[in-house]
Number of protein chains: 2
Amino acid sequence: MSLPHAILTALLEKPSSGLELTRRFDRSIGYFWSATHQQIYRELGKLEAEGQIRALASEQPARGQKKQYEVLPTGRAELARWTASSQDPKPLRDTMLLRLRAAAVVGTDGIETDLRRHLVLHQRQLAEYEEIEKRDFPPGRDSPQDRLQHLVLRAGIDLETFWTQWLTHAIEEFAELS
Amino acid sequence: MSLPHAILTALLEKPSSGLELTRRFDRSIGYFWSATHQQIYRELGKLEAEGQIRALASEQPARGQKKQYEVLPTGRAELARWTASSQDPKPLRDTMLLRLRAAAVVGTDGIETDLRRHLVLHQRQLAEYEEIEKRDFPPGRDSPQDRLQHLVLRAGIDLETFWTQWLTHAIEEFAELS
DNA sequence: ACGACCATGTAAACAGTTACATGATTTA
DNA sequence: TAAATCATGTAACTGTTTACATGGTCGT
């Protein structure tokens, strides 16, 4: 039940059409809650039917026409309720860790290549986050909004840092094993 | 497509019945790939139909009777293939980060309580992992199997360490904001 | 023999992914 | 005017979660 709330947040930050939302999910929001355009259109339809958002006037809803959506008071209230509600952390689900555990039983052939590939991907993501930090959070600016958003970005940076370190360590272990 | 492989791994480590598997998923495997008993029974049925596992003889398959499953050569081969195959890391999906981003727009009321609650849960999980490390990986033992499994446990420990640190930092920020 | 729990399962709802369809606008 | 791509959508499939059902075993 998080996709509608991700969309409400994005629309409150800035009213958008379906495609604009899709683009923004590819960039910022998607860094911790990804969604495809199909999911987004479906959810926009539901949210509109429920009266949480509405299409801005002046646009005819023909196919291939942009529709801009904005959040209604009901939607904002629902988002506030959800944000403040108590929710349990989801247990971790990670395929690479599962594969390593499997490798302990069926052998490590072939997995080292993918560890190296993942390392490169995580290093790339880390570099991207650090670029964003330099660009959007220069020292000095610290409105409450800035600090909250910076906190979220820090989580992304620290997570990618963890993965690069762990993968580096894992690859070293493999070098010693063989 | 990871649940069947998680089950194959668990069954290779030790042939088990559905309920035993469920218990083991609650403990070790579930730390990075959780599953409910419904998922497990359904998947066991599929894997048996595909000839990747079989019920050990000497058990009549009546309702309420334990059925022990073991992995067949086909299943082991499939697991080895999957383990070695190239797979992209799944993008992060984290509700707490999403909620913080929403809080930047609709206000932070109520979320701090849940940050503190999550901190306690992550500290508890971290303590559990460190207990397991002390018990199962004393210094000295280092067969290839041990090293791989220890590597996986290290990932769990480092991830929980990250969360406790990040949450602590987040709570400090909130203290300064208000 | 009754209640608690063990063990296996079914059904339905919900969420996410992949593949495809269709009209509108831009550009060569 | 044809091709590319923009923008919105549908359909089918896969995977996950939640709620419920059913028979067996064990302790009192």
Side-chain angles (χ1 to χ4, degrees), chain A residues 1-8 10-11 15-26 29-30 32-50 53-56 58-69 82 87-95 98, chain B residues 1-8 10-11 15-26 29-30 32-50 53-56 58-69 82 87-95 98:
Chain A
M1 280 299 294
S2 298
L3 178 57
H5 303 100
I7 291 178
L8 288 172
L11 286 181
S16 304
S17 68
L19 193 69
E20 283 163 1
L21 275 179
T22 305
R23 296 278 148 75
R24 292 172 58 203
F25 269 78
D26 286 344
I29 297 248
F32 46 88
W33 203 274
S34 60
T36 62
H37 73 109
Q38 292 89 340
Q39 282 177 280
I40 288 170
Y41 283 117
R42 182 151 30 100
E43 204 60 44
L44 283 173
K46 274 195 217 169
L47 288 169
E48 191 176 23
E50 290 167 10
I53 61 173
R54 74 164 167 213
L56 284 175
S58 87
E59 315 276 358
Q60 62 276 48
R63 237 195 152 115
Q65 291 296 91
K66 276 196 194 185
K67 263 192 278 188
Q68 297 277 131
Y69 289 97
W82 178 81
Q87 297 174 43
D88 286 335
K90 285 266 154 205
L92 175 62
R93 280 228 171 137
D94 187 87
T95 316
L98 188 55
Chain B
M1 286 295 297
S2 296
L3 177 58
H5 302 101
I7 291 178
L8 287 172
L11 286 180
S16 303
S17 68
L19 193 68
E20 283 163 0
L21 274 180
T22 304
R23 296 278 147 76
R24 293 173 57 202
F25 268 79
D26 286 343
I29 297 249
F32 46 91
W33 203 274
S34 60
T36 62
H37 73 109
Q38 292 89 340
Q39 282 177 282
I40 288 169
Y41 284 118
R42 182 148 32 94
E43 203 62 43
L44 283 172
K46 273 194 217 171
L47 287 169
E48 189 176 25
E50 289 166 9
I53 62 173
R54 74 164 169 214
L56 283 175
S58 86
E59 316 278 355
Q60 62 275 47
R63 241 191 151 127
Q65 292 295 91
K66 277 198 195 186
K67 263 192 278 185
Q68 297 277 133
Y69 290 97
W82 178 82
Q87 296 174 41
D88 286 335
K90 286 264 157 211
L92 175 61
R93 283 231 169 131
D94 187 88
T95 315
L98 187 54

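Here is the naming used below: chain letters follow the sequence lines, and residue numbers restart at 1 for every chain. As the structure is a prediction and not an experimental result, all values here were calculated from the model.
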Completion exercise
Of D:dG15, D:dG9, D:dT17, the nucleotide closest to the side chain of B:K46 is D:dG15
Handout entry: Side-chain (A:Q39) to main-chain (A:T36) donor-acceptor, under 3.5 angstrom
Key = yes
Exercise for the section: Report yes if the side chains of B:F25 and B:H37 come closer than 4.5 Å at any heavy-atom pair, otherwise no. Expected result: no
Completion exercise
Between the CG atom in A:L3 and the CH2 atom in A:W33, the distance rounded to the nearest 0.5 Å is 8.0 Å
Completion exercise
Per atom distances to the A:L19 side chain, the nearest of D:dA7, D:dC20, D:dT16 is D:dA7
Exercise for the section: State whether A:S17 places a side-chain N or O below 4.0 Å from either non-bridging phosphate oxygen (OP1 or OP2) of D:dT8. Expected result: yes
Handout entry: Euclidean distance, atom CD of residue A:E43 to atom C1' of C:dT17 [Å, nearest integer]
Key = 15 Å
Fill in the blank from the handout: In whole angstroms, the gap separating P of D:dT16 from CE of A:M1 amounts to 19 Å
Practice task
Find the distance B:L21:CG to C:dA7:P and express it as a whole number of Å.
Solution key: 13 Å
Fill in the blank from the handout: Closest to the side chain of A:Y41, out of D:dG9, C:dT17, D:dT17, is D:dG9
Exercise for the section: Classify the side chain of B:R42 versus the base of D:dT14 as yes if they form a donor-acceptor pair under 3.5 Å and no if they do not. Expected result: no
Practice task
Report the distance from atom CG of A:L92 to atom C1' of D:dT16, rounded to the nearest whole Å.
Solution key: 16 Å
Practice task
Return the nearest nucleotide to the side chain of B:K67; candidates are C:dG16, C:dT17, C:dG9.
Solution key: C:dG9
Practice task
Give the nucleotide from the list C:dA7, D:dG9, D:dA7 with an atom nearest to the side chain of A:R23.
Solution key: D:dA7
Practice task
State, with a plain yes or no, whether a side-chain heavy atom of A:I29 is found less than 4.5 Å away from one of A:L21.
Solution key: no
Handout entry: Most 5' of A:H37 and B:L44 on DNA chain C, judged by nearest nucleotide
Key = B:L44
Handout entry: Separation of atom CG in B:D26 from atom P in C:dC6, rounded to whole Å
Key = 13 Å
Problem - Spatial distance of atom CH2 (A:W82) from atom OG1 (B:T95) [nearest 0.5 Å] - result: 6.0 Å
Handout entry: Proximity to the side chain of A:Q38 - top-ranked nucleotide from D:dG15, C:dA7, D:dG9
Key = D:dG9
Exercise for the section: Could you pick out which residue, A:W33 or B:Y69, lies toward the 5' side of DNA chain C when each is mapped onto its nearest nucleotide? Expected result: B:Y69
Problem - Atom pair distance, as rounded to whole Å: NZ in B:K90 and C1' in C:dG16 - result: 9 Å
Problem - Whole angstrom value for the distance that separates P of D:dT8 from CD of A:Q68 - result: 9 Å
Exercise for the section: Would you kindly give the CD-to-P distance between B:Q39 and C:dA13, to the nearest whole Å? Expected result: 19 Å
